[in-house]
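See below for the structure under consideration.
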Amino acid sequence: MPSPIYVLNGPSLNLLGTREPEVYGRATLADIERLTADHAKTYGLEIVFRQTNHEGVMVDWIQEGREKASGLILNAAAFTHTSIAVYDALRAFDKPIIEVHLSNPQKREQFRRHSYVSLAATGVILGFKEQGYVMAIDAMAKLIGSGANERRRSN
Ligand code: CA2
């Protein structure tokens with residue numbers, strides 16, 4: 001089995017399911033973790049799923065992933081729009097990076113339209129609520145060539 005895919009979540013995503021369901025959906029972060037882990041399993045992939053409200057912790061986890069992850073799925077929440085520290089950590093991450101957002105920041109306030117994460121990401125998935133994480137697993141499995149893909153190719 002390849003190294004796990006790191007799925008990292010930024011500030012206030014621990015509050016999902018409690019407010020603004022029309023923007024972010026009804027799923028809690030625990031629901032999203034289950035959905036993502038179950039879908040990853042269908043490709044023979046494992047995930048490490050985490051959330052933090054702290055920018056330095058996010059930087060530490062991205063750096064940890066350089067050694068321990070086969071790819072990164074990142075919803076950096078508000079750090080997306082503000083954090084050069086996260087951007088610099090992503091620039092040093094040499095494996096695929098998929099940026100995910102539950103909402104579509106492009107059709108919201110002006111300050112959400114710029115993403116430092118996008119400058120370093122392999123690809124971006126916006127606006128599909130919790131299904132975006134499932135779509136990111138599909139994309140990541142293709143990018144890293146999961147066991148399931150390997151099996152399909154050899155048949
Ligand atoms: O749409 C996304 O996934 C975002 O990353 C969510 C962030 C926002 O700052 C980004 O612009 C887009 C906000 C996450 C906070 O989520 C809450 C959910 C329920 C209650 C309070 C906060």
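Atoms within each ligand, like the ligands themselves, are counted from 1 in listed order.
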Legend entry - Residue selection (non-hydrogen contact nearest atom 1 (O) of ligand 1) among G10, S103, A78: S103

Inset, instruction - May I ask whether L16 places a heavy atom under 4.0 Å from ligand 1? - result: yes

Inset, instruction - Of the side chain and backbone of N104, name the one, both, or neither that has a heavy atom under 4.0 Å from an atom of ligand 1. - result: neither

Inset, instruction - Indicate yes or no: does an N/O atom of T18 lie under 3.5 Å from an N/O atom of ligand 1? - result: no

Legend entry - Part of H81 within contact of ligand 1 (heavy atoms, under 4.0 Å): side chain

Inset, instruction - Report yes or no: does a heavy atom of R112 sit under 4.0 Å from some atom of ligand 1? - result: yes

Inset, instruction - Could you find the nearest protein heavy atom to atom 4 (C) of ligand 1 and give me its residue, atom name and distance? - result: H101 ND1, 3.6 Å

Inset, instruction - Give the residue, atom name and distance (to 0.1 Å) of the protein heavy atom nearest atom 15 (C) of ligand 1. - result: S12 CB, 3.7 Å

Legend entry - 4.5 Å side-chain heavy-atom contact, F49 and I32: yes

Inset, instruction - Could you tell me the residue and atom name of the protein heavy atom closest to atom 2 (C) of ligand 1, and the distance to it rounded to 0.1 Å? - result: L102 N, 3.4 Å

Inset, instruction - Could you check atom 13 (C) of ligand 1 against the protein and tell me its nearest heavy-atom contact, residue, atom and distance included? - result: Y24 OH, 3.4 Å

Legend entry - R50 vs L8 side-chain heavy atoms within contact, under 4.5 Å: yes

Inset, instruction - List the closest protein heavy-atom neighbour of atom 14 (C) of ligand 1: residue, atom name, distance to the nearest 0.1 Å. - result: L13 CD2, 3.7 Å

Inset, instruction - Kindly assign one of parallel, tilted or perpendicular to the pair H81 and F111, based on the angle between their ring planes and the thresholds 30° and 60°. - result: perpendicular

Legend entry - Short N or O distance, R108 and ligand 1, threshold 3.5 Å exclusive: no

Inset, instruction - With the side chain counted from C-beta on, respond yes when T42 and I137 share a heavy-atom pair under 4.5 Å apart, and no when they do not. - result: no

Inset, instruction - Kindly indicate whether the side chain of L102, heavy atoms from C-beta on, has any atom under 4.5 Å from the side chain of Y133. - result: yes

Legend entry - Closest non-hydrogen atom pair between A139 and I98, with its separation: CB-CD1, 3.7 Å

Legend entry - Heavy atom of the protein closest to atom 21 (C) of ligand 1 (residue, atom name, distance): L15 CB, 3.8 Å

Inset, instruction - Applying side chain to side chain donor-acceptor pair (under 3.5 Å), run through R66 and Q63 and close with a yes or a no. - result: CA-CA 5 Å; R66 297 174 70 217; Q63 290 185 5; over 6 Å; no

Legend entry - Heavy-atom side-chain contact between L16 and D31 under 4.5 Å: no

Legend entry - Atoms of ligand 1, numbered as shown, that sit under 4.0 Å from any heavy atom of A77: 5 (O), 7 (C), 9 (O)

Legend entry - Expected output: side-chain S70 to main-chain S3 donor-acceptor under 3.5 Å: yes

